[in-house]
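Here is the structure we will look at.
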Amino acid sequence: MSTKTTFSSKIGLIAATVGSAVGLGNVWRFPSEAQGNGGAAFLVVYIGCVFLLGVPVMLAEFSLGRAGGSDAVGSFKNLTPHKKWWIIGIVALIASYLILSFYMVVTGWTLEYMWHSITGSLYDGITGAAGSPAVNQQFTEKMHQMTSTAISPLIWTYIALIANLVILLRGVQKGIEKMANILMPALFVVLIIFCCMSLTLPHAGEGVLFFLDPDFSKINATVVIDALGQAFFSLSLGMGILVTYASYYPKDTMLTRTAVTVSSLDFLVSFMMGLIIFPAIKSFGLDGDSAAFQGTTLIFVTLPEVFHSIGATQFWSILFFFLLFVAALTSTISIAEVSIAFIHERLNLSRTKACLYVIIPVFFTSAVCSLSLGSLMWLKVGSMSVFDFLDTLTTDLLLPVSAIFICVYVGWILPKDFIKKELTNYGKFSSWMAPFVQFLIKYICPVLIALVLISKLIDTISK
Ligand code: PHE
């Protein structure tokens, strides 16, 4: 048997895993969700979801990957040969491939915005007073041009794809790990610079209060369900990513410590994004309409409005879209790696071939996603664009389904002491958390994730 590739250092494996977790979800979903759902009260619920449910599921995936020692499908096959449990891996594999198709499009937009920040054309011809409806209108039009026309978003999606390919072709250590080792520290430095800028703007304190003012009356079942969904998406659970990455973890990796570190850093990034976004928005009086700080509008309209209003517009704009691109790139790399590892290990093809077989079809699928937002508007699934459909299908259905089955598999099917062995590195040290984690994986996580799944399905169908 060939010797299995591993990450070469502890820092590298943490950087790569954090790189997968930190993505667009931290920027355009978390801050507005927290602000709209009770501020600090939401944070308490969210932190609960991350550490009581997210970390155990993460540990289940880590254990599966490291013990199985193979890709998202092969790990199941190695642990339970002659059984059909590998189908869970197939669901995760499909989910990850579909996510890659639309996530790559957004990654392209971040590059496109970075480029137009560098040339200055993003801010050319914008006239009107800061915060005025006229300026908002102009940036909204620019967003439509840059995301919904036929050619330019597609070209940028393809550039993002090629960047992915170049890194992935270099392999696990020289490609994925090295990239993470450079880009993740850069991401944190940029975040800190932004925090310093934003928190020293006039009225920054009001912005922080606007973000965090605790309102426990807003916490209800829907909010808890949303928090759990966001935590799972943000931690990249249920898509085979962590199983695949953990198969590259050396045998002496402390899984519990890794999971807690990754989850804490992912939360820290989300929290810092809130500290950046709300003081800036408040300072320029852009907080009138909550639509202004959600999703694409937040990133591609409201924040450019902020940069337009402060000095050194281009500098901040370039820096921000660089940050976003880094966050997105390290995530797309991890998503693509699920399929690459699968093809490389299951079909016994060289890594180069596996990379090409995975990335080349994405040129086509991402084009469909991109065009479905503009020139191929008629390309709909029900009432949704292909882009939105894939987003909903993967995050609201496939991701929780595979997470539930991973819990069932690890909690009920594998030997009773599986988790304990993995968390203690086969008895090398003791772990007070092991029985607790085992209990959560077996009884609590699957039930709560199922509740999230059902409520989201009801929600989607009733729309
Ligand atoms: N965790 C990433 C984020 O927060 C999203 C992601 C989803 C990454 C799926 C990989 C796979 O944006």
Side-chain angles (χ1 to χ4, degrees), residues 15-34 46 49-50 54-55 57-58 61 65 72 91-107 109-110 160 164 167-168 176 179-180 183-184 187 191 226-246 259 262-274 294-296 298-299 323-342 358 362 366 369 387 390-403 406:
T17 316
V18 173
S20 170
V22 169
L24 298 164
N26 302 62
V27 186
W28 78 22
R29 277 170 58 165
F30 178 85
S32 57
E33 202 158 314
Y46 184 78
C49 289
V50 167
V55 168
V57 176
M58 187 179 272
E61 292 202 26
V91 175
L93 186 75
I94 294 173
S96 71
Y97 202 83
L98 296 177
I99 290 184
L100 190 61
S101 303
F102 69 83
Y103 209 92
M104 195 62 78
V105 174
V106 189
T107 311
W109 296 345
T110 64
N164 269 271
I167 296 167
L168 287 162
I176 301 177
M179 164 205 68
L183 292 182
M184 291 325 285
L187 179 127
L191 270 174
D226 277 354
L228 189 59
Q230 168 65 14
F232 273 56
F233 182 80
S234 193
L235 297 174
S236 305
L237 300 174
M239 281 164 275
I241 292 174
L242 302 178
V243 177
T244 308
Y245 270 19
V262 169
S263 306
S264 308
L265 289 173
D266 182 63
F267 171 73
L268 183 67
V269 173
S270 294
F271 183 68
M272 285 169 90
M273 279 317 308
Q294 274 163 20
T296 38
L298 166 71
I299 296 182
L323 175 92
L324 220 56
F325 173 63
V326 168
L329 178 73
T330 48
S331 295
T332 51
I333 291 281
S334 72
I335 310 173
E337 183 61 21
V338 178
S339 307
I340 292 173
F342 171 76
V358 169
V362 184
S366 61
C369 290
F387 186 104
L390 289 185
D391 188 359
T392 312
L393 174 73
T394 48
T395 33
D396 292 354
L397 181 69
L398 298 181
L399 184 157
V401 166
S402 99
I406 286 174

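Both ligands and their constituent atoms are indexed starting at 1 by order of listing.
By the 3.5 Å distance cut-off applied to N or O atoms, Ser331 is not counted among the residues near ligand 1. For a threshold of 3.5 Å applied to N or O pairs, the pair formed by Phe233 and ligand 1 contains at least one separation below that value. For ligand 1, the polar-atom distance check against Leu24 finds a nitrogen or oxygen pair separated by under 3.5 Å. Inclusion of Ser334 in the set of residues having an N or O under 3.5 Å from an N or O of ligand 1 is not warranted.
Between the choices Ser236, Ala327, Ser234, the shortest heavy-atom distance to atom 8 (C) of ligand 1 belongs to Ser236. Across the listed options Gly19, Ala21, Ala231, Gly25, Ala21 owns the non-hydrogen atom lying nearest to atom 2 (C) of ligand 1.
Glu337 has its side chain within reach of Leu168: a pair of non-hydrogen atoms, C-beta onward, lies under 4.5 Å apart. Using a 4.5 Å cut-off on side-chain heavy atoms (C-beta onward), Thr244 and Phe342 make no contact.
Contact atoms of ligand 1 toward Ser20: 1 (N), 2 (C), 8 (C) (distance under 4.0 Å to a heavy atom of the residue). If you number the atoms of ligand 1 from 1 as listed, the ones under 4.0 Å from a heavy atom of Met239 come out as 7 (C), 9 (C), 11 (C). Of all the atoms in ligand 1, the ones that sit under 4.0 Å from a non-hydrogen atom of Ile335 are 10 (C), 11 (C).
Looking at Ile241 against ligand 1, only its side chain comes within 4.0 Å, counting heavy atoms. Contacts with ligand 1 closer than 4.0 Å are made by side-chain heavy atoms of Tyr103 only, the backbone lying farther away.
In this structure, Leu323 and Met273 approach most closely via the heavy-atom pair CD2-SD, 4.1 Å. When all heavy atoms of Val362 and Val358 are compared, the pair lying nearest together is CG2-O, 3.2 Å. The shortest non-hydrogen separation linking Ala180 to Ala15 is CB-C, 3.7 Å.
Here the side chain of Ser20 pairs no donor or acceptor atom with the backbone of Ala16 at under 3.5 angstrom.
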Could you walk me through whether Val50 and Leu235 pass the side-chain contact (heavy atoms from CB on, under 4.5 Å) test, one step at a time?
CA-CA 8 Å; Val50 167; Leu235 297 174; 4.2 Å; yes
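Classified by interplanar angle (parallel below 30°, tilted 30° to 60°, perpendicular above 60°), the ring pair Phe233/Tyr103 is tilted.
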